[in-house]
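Each chain gets a letter, A, B and so on, in the order its sequence line appears, and its residues count up from 1.
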2 protein chains.
Amino acid sequence: MVVSNHARPTLEDVAARAGVSRATASRVLNASPRVSPEALEAVNAAVHALGYQPNRAARALVTRRTGAVAVVFSEPEPKIFDDPHFARLIRAGARALADADVQMVLMLVHSPDDQARAHRFLAGGHVDGALVFAPHRNDELVSIVKKLPLPVVYAGKPWGSLRGMHLVDNDNEGGAVLATEHLKSLGRRKIVHVSGPLDELSAIDRLNGFKSALSLDDKGAARVTEDGGFTREGGRKAMSVLLSRIPSLDAVFVASDLMAAGALETLQEAGRRVPEDVAVVGFDDHATIAEHTSPPLTSVRQDSDEQVKHMVEHLMKLLRDETVKSKKQMLPTVLVRRESA
Amino acid sequence: MVVSNHARPTLEDVAARAGVSRATASRVLNASPRVSPEALEAVNAAVHALGYQPNRAARALVTRRTGAVAVVFSEPEPKIFDDPHFARLIRAGARALADADVQMVLMLVHSPDDQARAHRFLAGGHVDGALVFAPHRNDELVSIVKKLPLPVVYAGKPWGSLRGMHLVDNDNEGGAVLATEHLKSLGRRKIVHVSGPLDELSAIDRLNGFKSALSLDDKGAARVTEDGGFTREGGRKAMSVLLSRIPSLDAVFVASDLMAAGALETLQEAGRRVPEDVAVVGFDDHATIAEHTSPPLTSVRQDSDEQVKHMVEHLMKLLRDETVKSKKQMLPTVLVRRESA
DNA sequence: CTCCTCGATGAAAACCTTTGAGTCGGCGGT
DNA sequence: ACCGCCGACTCAAAGGTTTTCATCGAGGAG
């Protein structure tokens with residue numbers, strides 16, 4: 001008998017070695033209950049001895065499941081990916097999906113071309129589901145994905161109708177309220193806000209939290225808030241605009257740590273002491289930023305790792321056809337006090 | 001006749017609509033030459049009309065090719081992933097692989113557990129090849145991967161024997177020579193070096209370039225170099241060590257922009273003007289760092305996008321069984337002059 | 001007119017797994 | 001002694017594609 005020396009063993013080989021049929025071997029691998037202890041033992045031994053690994057393609061062909069999940073980042077501004085936040089999300093996704101024994105297929109979508117490719121790919125049935133990160137207003141990709149018969153979990157609220165969509169969001173509004181209330185409790189009376197770009201819902205939610213904590217109407221809010229675009233430089237500029245508009249301000253809630261770092265610089269250049277003259281609260285509690293500003297930044301923590309983990313779990317439930325209690329999950333945020341407020 | 005309304009069309013459907021056999025349709029899809037113009041036309045029309053997409057699993061089953069490539073980052077220190085460099089590499093990989101119409105399966109390897117999982121996965125034949133980023137000394141993962149019958153292209157030189165390995169490296173040594181020669185040409189006489197951690201080959205190569213440009217032996221080098229660990233904080237510390245050891249130093253070549261940013265801070269705190277008193281050259285030409293230090297940083301540019309692109313092309317050649325002229329590729333580095341030197 | 005060649009095409013095997021239908025004892029109930 | 005049932009198992013089909021081999025027809029050479 002000729003031994004094919006390098007071919008990978010198939011289920012047939014395993015079955016032969018265990019003295020059972022292919023079907024029984026398959027049932028053992030899929031943890032079917034209808035199998036005797038002896039058979040189970042024999043098959044497991046054979047699997048181990050042969051170093052057998054199921055052929056994913058064959059399995060996918062018959063089960064119509066690929067065992068892969070797409071992770072899609074839609075972001076028109078490719079440079080934003082230098083944002084360490086992005087790296088964190090990817091890392092968390094890789095870990096959570098690996099734990100679920102699912103392949104992670106990463107897709108970065110920048111251009112309309114990329115959108116078309118993503119569309120083809122997702123519609124092509126090459127993955128069982130998708131995790132979608134698409135924070136921007138009227139993102140075409142979301143409308144595309146929405147039409148697909150594919151289980152999808154979104155990170156945060158995508159723009160537009162949320163009917164029937166599954167998502168895991170951070171409590172941006174609640175966090176903003178937390179931050180603002182904290183500033184009020186410090187006795188600050190002239191509190192201003194550096195917001196994120198208002199084509200991102202997370203920025204809007206944070207702005208809304210700020211407004212509601214101070215009972216501001218739109219007109220009132222317009223005077224004491226300024227868009228910092230979620231960049232450090234934008235934070236600097238917004239802060240200096242606010243300083244000139246309201247010289248007597250004594251506290252600022254900044255919608256991201258990166259912008260807060262910029263705002264701190266502006267404040268210090270203007271001769272304001274933090275926190276004595278102006279108290280500052282950021283958002284994100286970004287490790288490599290918040291702890292290294294001077295003074296260290298008080299910030300609202302949102303746990304991206306946790307968010308991604310929940311997204312993966314949620315998607316896995318959808319894939320297993322489990323009924324999910326709620327389509328939307330909201331993750332709590334907490335205030336982390338350091339020295340800036 | 002019942003029409004299954006939502007099932008995805010198969011090659012059979014395409015063939016039927018085009019009035020040819022499945023075999024011919026398949027040939028059209030795979031650009032086989034042995035097919036008549038009429039058949040080609042008809043099949044293409046049918047494909048288009050039906051929105052047909054080949055079933056990847058079925059194709060993989062018969063061709064023994066998965067159409068997927070693993071991108072593996074081995075990095076014991078998970079926090080390093082906050083490094084924007086990492087995000088750049090991932091982005092470049094995603095783009096290049098998508099252009100090659102290959103699925104990118106991302107694997108992050110931190111622990112021995114992760115290594116075992118990576119081993120199983122790569123050995124399991126779930127991908128056609130791999131791109132491996134493993135900069136550290138004696139990385140177990142490299143020995144594991146080396147034994148696998150799997151085409152692999154490394155980023156930079158992995159530690160250990162390089163026999164038969166395919167890799168795309170940046171010319172770290174050449175870049176370091178460039179930087180050091182530049183400092184010499186400015187008339188600087190007391191040039192020191194903040195190196196990266198010496199368990200990374202790229203750091204060693206840069207150190208070697210520095211040494212050879214100054215004709216230093218090991219002993220001489222030991223006095224004028226200090227390990228900054230590729231972190232900002234490490235750069236600060238190394239710089240202050242060097243300052244106290246050689247107060248009269250008038251130039252420093254720093255092995256990364258991040259460390260250079262730290263070094264700049266230390267220098268300025270010590271009252272040294274840059275570049276008047278001390279000239280500084282970094283390495284990486286990292287957009288978001290080099291351009292935003294004060295003064296803007298002169299730096300050696302290494303193009304990660306280009307590196308990853310070459311890695312992907314190289315791997316694709318291996319997968320197509322093309323003979324590659326050289327197993328190792330070295331990418332040039334250039335000096336980008338700004339104001340710090 | 002016959003034979004041969006050659007290019008285009010079709011029929012069918014092969015890839016490996018899951019799964020529904022069917023087989024085969026053994027066992028409890030009558 | 002028979003029936004029905006049940007659990008463990010096997011058989012074989014199905015899933016969608018590529019690819020080898022055979023076939024078929026046309027056209028050129030003799």
Which of the following nucleotides, [options], is nearest to the side chain of [X]?
X: A:V20; options: C:dC16, D:dT10, C:dA12; answer: D:dT10
X: B:L61; options: D:dG16, D:dT10, C:dT18; answer: D:dG16
X: A:R59; options: C:dA14, C:dT18, C:dA21; answer: C:dT18

Rounded to the Å, how far apart are [X] [atom1] and [N] [atom2]?
X: A:R65; N: C:dT17; atom1: CZ; atom2: P; value: 19 Å
X: A:R64; N: D:dG15; atom1: CZ; atom2: P; value: 7 Å
X: A:L11; N: D:dT10; atom1: CG; atom2: P; value: 12 Å
X: B:R22; N: C:dT9; atom1: CZ; atom2: P; value: 16 Å
X: A:L29; N: C:dT19; atom1: CG; atom2: C1'; value: 14 Å
X: B:E41; N: C:dA8; atom1: CD; atom2: C1'; value: 17 Å
X: A:R8; N: C:dC15; atom1: CZ; atom2: C1'; value: 12 Å
X: B:E12; N: D:dA14; atom1: CD; atom2: P; value: 13 Å

Think [X] has a side-chain N or O under 4.0 angstrom from the OP1 or OP2 of [N]?
X: A:Y52; N: C:dT17; result: yes
X: B:R34; N: C:dA8; result: yes
X: B:T24; N: C:dG10; result: yes
X: A:N30; N: C:dT18; result: yes
X: A:S26; N: C:dT18; result: yes
X: A:S36; N: D:dC9; result: yes
X: A:R56; N: C:dC16; result: no
X: B:T10; N: D:dG16; result: no

Is a side-chain N or O of [X] found less than 3.5 angstrom from the main chain of [Y], in a donor-acceptor match?
X: A:S26; Y: A:R22; answer: no
X: B:D128; Y: B:V69; answer: no
X: B:N30; Y: B:S32; answer: no

Which heavy atom of B:L29 sits nearest to which heavy atom of B:R59, and what is that distance?
CD2-NH2, 4.3 Å

Over all heavy atoms of both residues, which pair between B:P135 and B:E75 is shortest? Give the atoms and the distance, please.
CG-OE1, 4.4 Å

If you find the nucleotide of DNA chain C closest to B:V62 and the one closest to B:P37, which residue's nucleotide is nearer the 5' end?
B:P37

State whether the distance check finds a donor on one side and an acceptor on the other, under 3.5 Å, for side chain A:R27 versus base D:dT10.
yes

Parallel, tilted or perpendicular: which one describes the rings of A:F133 and A:F73, with boundaries at 30° and 60°?
parallel

By the 4.0 Å heavy-atom rule, please label B:A39 as base, sugar-phosphate, or nothing.
sugar-phosphate

